Amino acid sequence: MSVQMMSTLNAGSTIPKWQMALLLGTPVAIGLGYYMYKKKSNKIDGSVDSKKKYFDLKSASLSSIDGSENEKDIDRKKKLAELEGEKLTPLKEAQIHKNDGNVCYRQGKFDEAIKFYDKAIEKCPKENKTDLAIFYQNRAAAYEMLKKWNQVKADCTKSLEYNPRYTKAYFRRAKAYEATNDLLDCLDDVTATCILEIFQNNTTIMFADRILKQTGSDDAISGMKNRVPVFPSKHFTKTYFRSFVSDTLRNMKLENIEDSKGFIKARLAWDDDRFDDVISACTEEIELSEGESQYKVEATLLRGTFNLLRGCFEEAKQDLDLVINNADADVKLRVNAYLKRASLYVQTEKRDLVFKDFDEAEKLDPNNADVYYQRAQIYLLLDQVDKALVEFDKVCKLAPEHGMAFVQKVYAEYRLAFMSQDQMRLLSVMNEFKNAIDKFPNCVECYSLMAQVLTDQGQYDSADSFFEKAIKMAPENAALYVHRGIMHLQWNGDIEKALSLIKKSIEIDEKCELAYETLGTIEVQRGNLERAIELFEEAIKLAKGQTEMAHLYALRNAARAQINVTRKLGIDMSAITSLVQAGITPPQ
Ligand SMILES: *[C@@H]1O[C@H](CO)[C@@H](O)[C@H](O)[C@H]1NC(C)=O
Ligand SMILES: *[C@@H]1O[C@H](CO)[C@@H](O)[C@H](O)[C@H]1NC(C)=O
Ligand SMILES: *[C@@H]1O[C@H](CO)[C@@H](O)[C@H](O)[C@H]1NC(C)=O
Ligand SMILES: *[C@@H]1O[C@H](CO)[C@@H](O)[C@H](O)[C@H]1NC(C)=O
């Protein structure tokens, strides 16, 4: 996700990626993708309760240490036993030690607590497994307070040997793994916690989400280094350039077309979608001597642009820097280079530099609509819809004929109205959409965003007819099929219909990353985790930047962790998903 890439994605996929992320449940990157399946049925209660019990086991107590509820009882028994001279069973003796340990723990005397838990463990018969699990877990809690992470891990592991479905022990070990930066192990354990809690505890889900994102970012750093450059599809590239209000490179008139070498050759190759040739022809122009070359700056900018498009960020940056630092170059070209470099910074996670380039571009050419349009995309990406709206307003004043900007502005207004649940405002925004369509009947985004909004509001019938119109206008836009497929899932959970639409999108554009990502999410949901991983890895190869790659790696890692955990626990993941489908509302 990213500036122009973002608008590419937007444009390419028509629906902003940030919104896609919401649809696919980024806040719960756990990868179950429940959002698709959220059903309004409420037939469940009884069955869910019983299944919940099945997973719940020994985690009833809310405190970090377990087994405090019958302490008074045991105290009394101890006194009674003393009075009667009765001999305590080893288990009872162990429980007494544990209770003493718990008292120390609550008083903050962790070293002493550990000594009592030691005794409890020593005394406890091996066959009283549940008790032993508690004693180890409690000792782990005390070690945790002392930040002795290796002991925490070892005790939790022991605890889990005695009670393999002890939620609290998984959670505690997950925290210890996080503390020592063993993130994949942490991920396995926090996933186990989520599954045992059937995804009902927000705290755990947010923890899982954080760890997933961290592992995703880590993987993306090496992923970017090893990435094989790949040009996006023709359609994607076309929409990318269309997202510029005034693209100097695209619109410039060329002289001597018949003299086909250097930049002119590059332009012709570009017209024919021969992207490899674009780069080599630009290089030809750039290597000409000053006297011979008529289009050196243009060639540099174009080569930078195509390197950006295929994810060769270092090469792209060199060219863009050259154009930006060339004070003699045409202002339009320098502004264009600034905007592309800003996009590059977004894709390579150098967020602090992004807005500086926009400011410089604005200073150079304050009436250039592209500056505001591209900046709006960034704000959308950062979910700062109000700021995006201000930018879109400027674009619409400077370039009233740009339909894409106009309808995106309306869409931003819609988001704001939706977030504030302002019914009056929503109503007037819906009218704005109709205006947009009247005003720009040939702009496919008007139809696709309208479809998206109707989907949001549960008006699936009308949404479908708008998707149909959009697809008729832009049959080569693969992402539209994916979005329509997702809509069908939301509508009535029609998996077959969704799959056939998404497969169609891959037929149209085998580089449709969104299709692989969505298919992967569906397979996770169906419990086909191995297949899901293959699909996510397919998508990773097509990722346009680091952020996007990190998101995809996070999804893949979620699936991997689920495989590990379901194997370990002997749980069938589809049992969990069916619970979710049965109507347990996932946290949003
Ligand atoms: C949710 O998880 C947190 C962290 O493990 C725990 O402290 C809390 O008690 C849990 N809440 C419920 C309702 O289980
Ligand atoms: C402890 O183990 C013994 C021997 O197996 C068993 O008889 C007893 O019921 C167990 N006690 C508890 C509380 O589980
Ligand atoms: C989880 O958090 C969401 C909002 O963040 C809230 O609406 C929901 O009630 C919470 N669920 C639970 C079980 O605490
Ligand atoms: C899952 O298990 C594999 C093999 O044991 C391990 O390498 C990996 O770290 C585990 N967890 C994740 C999240 O990949």
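Only a predicted model underlies this, so the values are computations on that prediction, with no experimental measurement involved. Quick note: residue numbers are just sequence positions, from 1.
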Practice prompt. Could you tell me whether Asp100 and Lys119 make a salt bridge, using a distance below 4.0 angstrom between a side-chain N and a carboxylate O?
Written response: no

Worksheet item: Would you call Leu382 and Lys387 a side-chain contact if the rule is heavy atoms closer than 4.5 Å?
Response: no

Worksheet entry | Test of ring centre spacing under 6.0 Å for Tyr345 and Phe355 | no

Discussion item. Would you say that more than 12 heavy atoms from the other residues, nucleotides or ligands in this model lie under 6.0 Å from the CD of Gln384, or not?
Written reply: yes

Discussion item. Which label fits Phe171 and Phe207: parallel for a plane angle under 30°, tilted from 30 to 60°, or perpendicular past 60°?
Written reply: perpendicular

Worksheet item: Can you list the steps and then say if Asp209 with Lys213 is a salt bridge (charged side-chain N to carboxylate O under 4.0 Å, His left out)?
Response: CA-CA 6 Å; Asp209 197 57; Lys213 284 181 179 150; 2.8 Å; yes

Fill in: Tyr105 and Phe110 aromatic ring geometry - parallel, tilted or perpendicular at 30°/60° bounds
perpendicular

Worksheet entry | N-O pairing of Glu523 and Arg526 below 4.0 Å | yes

Fill in: Where Met549 and Gly223 come nearest, the two heavy atoms and their spacing
SD-C, 3.7 Å

Worksheet, complete the sentence: Shortest non-hydrogen pair, Leu552 vs Ala543, comes out as CD1-CB, 4.0 Å

Worksheet item: Parallel, tilted or perpendicular: which describes the rings of His97 and Phe116, with under 30° parallel and over 60° perpendicular?
Response: parallel

Discussion item. Going by salt bridge (Lys or Arg N to Asp or Glu O under 4.0 Å), name the residues that satisfy it together with Arg173, two or more places apart in sequence or in a different chain.
Written reply: Asp189

Worksheet item: Can you pull the salt bridge (Lys or Arg N to Asp or Glu O under 4.0 Å) pairs that have at least one residue in residues 120-137, sequence neighbours excluded?
Response: Glu93-Lys123

Worksheet entry | Exam field: side chain Ser159 to backbone Asp155, donor-acceptor pair closer than 3.5 Å | no

Worksheet item: With Gln546, which residues qualify under side-chain hydrogen bond (donor to acceptor under 3.5 Å, both in side chains), at least two apart?
Response: none

Practice prompt. List the atom of Tyr177, the atom of Lys153, and the distance in Å for their closest heavy-atom pair.
Written response: CE2-CD, 3.5 Å

Worksheet item: Does the pair Lys115/Glu112 count as a salt bridge with the N-to-O cut at 4.0 Å?
Response: no

Practice prompt. Would you please test Glu161 and Tyr136 for side-chain contact (heavy atoms from CB on, under 4.5 Å) and show each step?
Written response: CA-CA 10 Å; Glu161 277 169 25; Tyr136 277 111; over 6 Å; no

Worksheet item: Can you name the closest pair of heavy atoms from Leu308 and Ala316 and give their distance?
Response: N-CB, 3.6 Å

Worksheet item: Would you say the side chain of Lys511 lies within less than 4.5 Å of the side chain of Phe236, judging by non-hydrogen atoms?
Response: no

Discussion item. If you count every heavy atom of other residues, nucleotides or ligands that lies below 6.0 Å from Glu314 atom CD, does the total exceed 12?
Written reply: no

